[in-house]
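Remarks on the structure that follows.
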There are 2 protein chains.
Amino acid sequence: MTARVTMRDVARAVGVSPMTVSRALRDDETVNEKTRRKIRQVANDLGYVYDTTAQAFRTQKSGFVAVTLPSINNANFAETFRGLSDGLGPSGMQLLLGSTNYSVEKEQELVRQLLTRNPEAIVLTGGHHTDETRALLSARNLPIVEMWDLPADPLGHVVGFSNAEAMATLVTHLAESGRRRLGYVGATDLTDLRGAERRDGVIARAVELGLPEVEILDAGPAPVSMRHGAQAVSALGSRVREFDALVCVSDPVAFGVLSECRRMSLDVPGDIAVTGFGNFEVASVSDPRITTIGVTARQIGEQVALLLEDLFAGTPQDGPRVVNVGARLVRGETS
Amino acid sequence: MTARVTMRDVARAVGVSPMTVSRALRDDETVNEKTRRKIRQVANDLGYVYDTTAQAFRTQKSGFVAVTLPSINNANFAETFRGLSDGLGPSGMQLLLGSTNYSVEKEQELVRQLLTRNPEAIVLTGGHHTDETRALLSARNLPIVEMWDLPADPLGHVVGFSNAEAMATLVTHLAESGRRRLGYVGATDLTDLRGAERRDGVIARAVELGLPEVEILDAGPAPVSMRHGAQAVSALGSRVREFDALVCVSDPVAFGVLSECRRMSLDVPGDIAVTGFGNFEVASVSDPRITTIGVTARQIGEQVALLLEDLFAGTPQDGPRVVNVGARLVRGETS
DNA sequence: CCGTAACATGTTATCGGTACCAAATAGATT
DNA sequence: AATCTATTTGGTACCGATAACATGTTACGG
């Protein structure tokens, strides 16, 4: 293959200096418009392709925003990513995506790797990180955004909501509808910390309201989905009739639970209530529609994008910003 | 903030040349092991962070593999991405993800942008591209992989299956079960070309089998999902009873169709069959389970990763490789 | 004690843009 | 015509790592 076409080549062909080409291609007003057009023309004809790597190196600005997600295979996180991606589009920033598989250790390695690319900001999902991760990040003068949580001790900016509070709303709703014997369906290992927060939120509010102890139904290791919800219920067997509400860590799990209840000829919500979390599409299309918590996944991404745009534009900040996007009860037909 | 720590600084601190530091950090065997340990130690103490941008610039190897997906918010594409990501992990390649929103024009701009980052390979979803995109790509000596399709005129390597063929299998199955009057539920605009291929596959096989003309039920513009399927059916009203099978472009759509049929008190599969595509989780958890086409989304990603590893390792290739991962009928309870 | 191989480290130039400063040219004003 | 300002262009050094080559150092047999 022939050697790569550089600005030098374009400059030579046009008869100007590389500097002028550089300016022209960045649409610098100081370059005569006719020259600019000519340069663009020739660059195109020669098949010149701008080298962002070289630019990133010289200017020490990578044009990257690093993002960590627990899983890309989750409609809510995917929506957040889209919101972020669309929101950052105009600024010309590119997202560098990495997935942690719900593990803070994996997150640590990911952060380490991402930092070597010199991102101009980093967006983390969740507020739980290893000490090493915290150290790595604070050693750099880099905008940090934590999303999807409201961490007690944030690393920087925050865009999220309280999982525990949202679950409290849900439990209150169930109690007010006369439900007392609650089961919680979710992962019981400790890797999915957001799931753990939800579980703890359920338990805490149940205690506050004087409900019987919430029983934890193991759905296996995170991440849990439809089939795990179904399995958890079928593992219970006839004991499922002891409950009058099953609170699930997410909508897919709730859908699995719902399907399994139906197979067992339980009436939902007559015999038992089922609730989800996240307001996934499946919640509203399912029949009956699932009562859930509406999280504004896309909005989280958009808010993060707005925040970052402000930071990049140099808008003065008085301290880290905390945006609580909230989460609301979405009543379906399963409670 | 203090200036960034570079290899120079580490070198000075240890009392060796930057070159030795460079070698040590890449675990070059020729550097004495004691020196290597010392250098790692000092680098760590100084908070040195390797600069991949500089490396990428100097070596002219970005360490990036560019990937375009129609949508990140689609469980199947997300799975493919994961398969690819996990498969490429060991090689140290990072994925640069962009989403085209099912538009070849957006794909073109995306490709243009991605190319400026000097990716070492590019992976495109689908086999339909603008001429400009094709030109941009072939002007570079860059491994290209098209996935999820079997394009007639591939740009490079291919890992995919034939959407039309898969649909033919499905239609044959329906015809053998005595279904004759088919409706097709999918997007009717022309942006989702994979969807169009599926539709054409249905029509073609119906013609071959001498079935009555397949009626196209519009589910709105791509991408279509659960609610669009439901809407398409409810828009039909009582006319839905004219059909004895509804073939849907995807499982989420089929699920929406199924739910709506149920609301309309239709017996599935007694009165009408419903089929999906993609073997999404929802197909197997839904009650009744949805008959669908099992595409090996994750496997596609893994196969692409294997292919790329081979290419990076320099394994000699005799021409572009075409991997047909196939797609199989997954019988559920809706047909 | 020397030559040579094996090992370990150093020197120099360079990847492709762009910040910074200098200079040339055109047009306006006195 | 000379001077000045505005506009447009050019020259040079450099971002941080590393390929390619050169040099130094040790070990060992003869």
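Only a predicted model underlies this, so the values are computations on that prediction, with no experimental measurement involved. Each chain gets a letter, A, B and so on, in the order its sequence line appears, and its residues count up from 1.
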Below the 4.0 Å mark, does dA8(C) have OP1 or OP2 next to a side-chain nitrogen or oxygen of T30(B)? no

Expressed as a whole number of angstroms, how long is the span from E29(B):CD to dA6(C):P? 17 Å

With a 4.0 Å cutoff (strictly under), does any side-chain N or O of T20(B) reach OP1 or OP2 of dG10(C)? yes

Minimum-distance nucleotide (side-chain atoms of N32(B) versus dT9(C), dT14(C), dC20(C)): dT9(C)

Check: T133(A) main-chain N/O paired with T130(A) side-chain donor or acceptor under 3.5 Å: yes

Closest to side chain of T6(A), choosing from dG16(C), dG16(D), dT18(D): dG16(C)

Considering only heavy side-chain atoms of S17(B), the closest of dG10(C), dA13(C), dG17(C) is dG10(C)

Sugar-phosphate only, base, or nothing, as touched by V21(B) at under 4.0 Å among non-hydrogen atoms: nothing

Ring centres under 6.0 angstrom apart (F64(B), F64(A)): yes

Indicate whether any N or O donor in one side chain lies under 3.5 Å from an N or O acceptor in the other, for N118(B) and R4(A). yes

Judged by modelled atom types alone, do S22(B) and R26(B) share a side-chain donor-acceptor pair under 3.5 Å? yes

Measure from CG on N118(A) to C1' on dC15(D) and round the result to the nearest Å. 11 Å

Mind checking R23(A) for me? I need base, sugar-phosphate or nothing, with any heavy atom below 4.0 Å counting as a touch. base

May I have the distance from I39(A) (atom CD1) to dT9(D) (atom C1'), rounded to whole angstrom? 10 Å

Measure CE/M7(B) against P/dT9(C) and give the value in whole Å, please. 16 Å

Please report the distance, rounded to the nearest Å, between NZ in K61(A) and P in dC14(D). 21 Å

Sugar-phosphate only, base, or nothing, as touched by V16(A) at under 4.0 Å among non-hydrogen atoms: sugar-phosphate

From the candidates dT9(C), dG16(C), dG10(C), the one with an atom nearest any side-chain atom of F57(B) is dG16(C)

By nearest-heavy-atom nucleotide on DNA chain C, the more 5' of E33(B) and V49(A) is E33(B)

Counting any heavy atom closer than 4.0 Å, what does T35(A) reach on the DNA or RNA strands: base, sugar-phosphate only, or nothing? sugar-phosphate

Just checking, is any N or O donor in the side chain of Q55(B) or D51(B) under 3.5 Å from an acceptor N or O on the other one? no

Quick one about S17(A) and T20(A) (side-chain donor to acceptor, distance below 3.5 Å, no hydrogens or angles considered), yes or no? yes

Would you say a side-chain N or O of Q55(B) is under 4.0 Å from OP1 or OP2 of dC15(C)? no

For R26(B) and dG16(D), give me the distance from atom CZ to atom P, rounded to whole Å. 17 Å

Specify the separation, in whole Å, of atom CG of D51(B) and atom P of dC14(D). 18 Å

Counting just side-chain N and O atoms, does Q60(A) come under 4.0 Å of either OP1 or OP2 of dG16(D)? yes

Can you measure Y50(A) atom OH to dT18(C) atom C1' for me and round it to whole angstrom units? 8 Å

So which nucleotide from dA19(D), dG17(C), dG10(D) ends up closest to the side chain of M19(A)? dG10(D)

